[in-house]
Trainee: 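This is the structure, below, for whatever I ask next.
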Amino acid sequence: MERLTALGEALQEGAVLSAPYTQVFLPAGMSLGDEETGVVWVSWPDRALFAMGDPVIREMGLDGRDVRLLDAEAGTCDDHRLTDEEWQRIPLAALLEPTAAVDRFTVLALDDGGIALVPREEGGVARIEVALDGASRPTLLVIEDPQGGTNTFEFGEWSSASAPARGWLPDPPEGVPCQTIEAD
């Protein structure tokens with residue numbers, strides 16, 4: 001719990017923190033996956049924006065429980081309001097709200113100084129592992145889904161930043177309407 005608390009405090013340290021990242025999604029049973037690079041902005045308690053590509057081709061913004069997914073290549077914009085159950089399953093919620101995370105996850109200290117989060121109930125993730133730097137900021141985030149696929153984020157150096165210029169839920173390009181995706 002001490003490491004998880006230190007991580008939460010590190011992410012609360014500035015109004016906005018930002019870092020470059022590389023993301024690799026590896027489906028279960030595959031040896032090659034999809035790789036993306038981008039920049040992430042995070043602001044405690046519940047704001048984040050992932051901008052993928054250079055130039056940016058995809059964005060995923062989170063502002064409270066509202067999520068927006070923009071895909072410039074596909075010309076799509078999807079809005080979704082997370083239910084309580086969905087919010088509890090996303091790894092960002094566990095990292096930004098460490099005290100609430102212990103209600104949903106068993107927290108394990110890893111030998112390398114990082115942490116693992118194992119959900120108490122089956123859901124969207126099977127395990128989350130986080131490697132931390134000397135300032136308790138994430139350097140590596142590995143999310144394993146119940147089918148055995150992994151989504152790995154490797155973060156560069158974190159720094160204080162301004163809020164994203166286009167906002168936490170950026171507006172879609174002209175002519176691209178946002179579709180509201182309802183929870184099941």
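All values reported here derive from a predicted model rather than from experimental measurement.
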Trainee: For a 4.5 angstrom cut-off between non-hydrogen side-chain atoms, does Val67 reach Leu82?
Mentor: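 Yes, close enough: below the 4.5 Å cut-off.
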Trainee: Roughly how far, to the nearest 0.5 Å, is the CZ atom of Arg137 from the CG atom of Leu17?
Mentor: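 If we round to the nearest 0.5 Å, Leu17:CG and Arg137:CZ are 5.0 Å apart.
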Trainee: Measure the acute angle between the ring planes of Phe155 and Phe153, then classify it against the limits of 30° and 60° as parallel, tilted or perpendicular.
Mentor: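 Parallel.
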Trainee: Count I, L, V, M, F, W, Y as connected when their side-chain heavy atoms are under 4.5 Å apart, and connections chain through other members. Are Val107 and Ile143 then in the same cluster?
Mentor: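 Hydrophobic grouping puts Val107 with Ile143.
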Trainee: Give me the atom names and distance for the closest heavy-atom approach of Gly33 to Pro27.
Mentor: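 Smallest interatomic distance, heavy atoms only, reads CA-CD, 4.4 Å.
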Trainee: Quick one: CG on Leu169 to SG on Cys77, what's the gap to the nearest 0.5 Å?
Mentor: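 Rounded to the nearest 0.5 Å, the CG-SG separation comes to 9.0 Å.
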Trainee: Should the pair Tyr21 and Phe50 be assigned to parallel (<30°), tilted (30 to 60°) or perpendicular (>60°) ring geometry?
Mentor: perpendicular
Trainee: Check this for me: Glu154, atom CD, are more than 12 non-hydrogen atoms of other residues, nucleotides or ligands nearer than 6.0 Å?
Mentor: no
Trainee: If we only count heavy atoms from C-beta on, is the Val16 to Trp168 side-chain gap below 4.5 Å?
Mentor: yes
Trainee: List the atom of Gln147, the atom of Ala28, and the distance in Å for their closest heavy-atom pair.
Mentor: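 Closest pair (atom of Gln147, atom of Ala28, distance): O-CB, 3.0 Å.
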Trainee: Are Leu140 and Thr152 close enough that some pair of their side-chain heavy atoms sits under 4.5 Å apart?
Mentor: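 Yes, at least one pair of side-chain atoms sits under 4.5 Å.
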Trainee: Has the side chain of Arg47 got a donor or acceptor atom that lies under 3.5 Å from a matching backbone atom of Val42?
Mentor: no
Trainee: What distance do Asp71 atom CG and Met60 atom CE have between them, rounded to the nearest 0.5 Å?
Mentor: 13.5 Å
Trainee: Only one of Leu117, Val142, Ile115 clears side-chain contact (heavy atoms from CB on, under 4.5 Å) with Ile128; which?
Mentor: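 Passing option: Leu117.
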Trainee: Under a 4.0 Å N-O cut-off, is there an ion pair linking Arg68 with Glu59?
Mentor: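 A salt bridge is absent here (no side-chain N lies under 4.0 Å from a carboxylate O).
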Trainee: Just verifying a value: how many Å separate Asn151 CG and Asp34 CG, rounded to the nearest 0.5 Å?
Mentor: 10.0 Å
Trainee: Quick one: are Leu108 and Val118 in side-chain contact, heavy atoms under 4.5 Å?
Mentor: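 Of all side-chain heavy-atom pairs linking Val118 with Leu108, at least one is under 4.5 Å.
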Trainee: Within the side chain of Arg104, is there an N or O that forms a donor-acceptor pair under 3.5 Å with the backbone of Pro119?
Mentor: no
Trainee: Where is the tightest heavy-atom contact between Ser162 and Trp41, given as atom of each residue plus distance?
Mentor: O-CD1, 3.6 Å
Trainee: Taking Trp158 for its side chain and Pro138 for its backbone only, find out whether a donor-acceptor pair lies under 3.5 Å.
Mentor: yes
Trainee: For Asp145 versus Ala126, what's the shortest heavy-atom pair and its separation?
Mentor: O-CB, 3.7 Å
Trainee: Once you round to the nearest 0.5 Å, how far does OG1 of Thr83 lie from CD of Glu182?
Mentor: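 If I round to the nearest 0.5 Å, the distance is 11.5 Å.
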Trainee: Provide the closest heavy-atom pair for Leu49 versus Gly61 in the form atom of the first, atom of the second, distance.
Mentor: CD1-CA, 3.7 Å
Trainee: Atom CG of Leu132 and atom OG1 of Thr139: how far apart are they, to the nearest 0.5 Å?
Mentor: 6.5 Å
Trainee: Is a side-chain donor or acceptor of Ser18 paired with a backbone partner of Val40 at a separation under 3.5 angstrom?
Mentor: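 Answer holds: yes.
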Trainee: Looking at every heavy atom in both Ile181 and His80, which two are closest together, and how far apart are they?
Mentor: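 Smallest heavy-atom distance, with atoms named: O-ND1, 2.7 Å.
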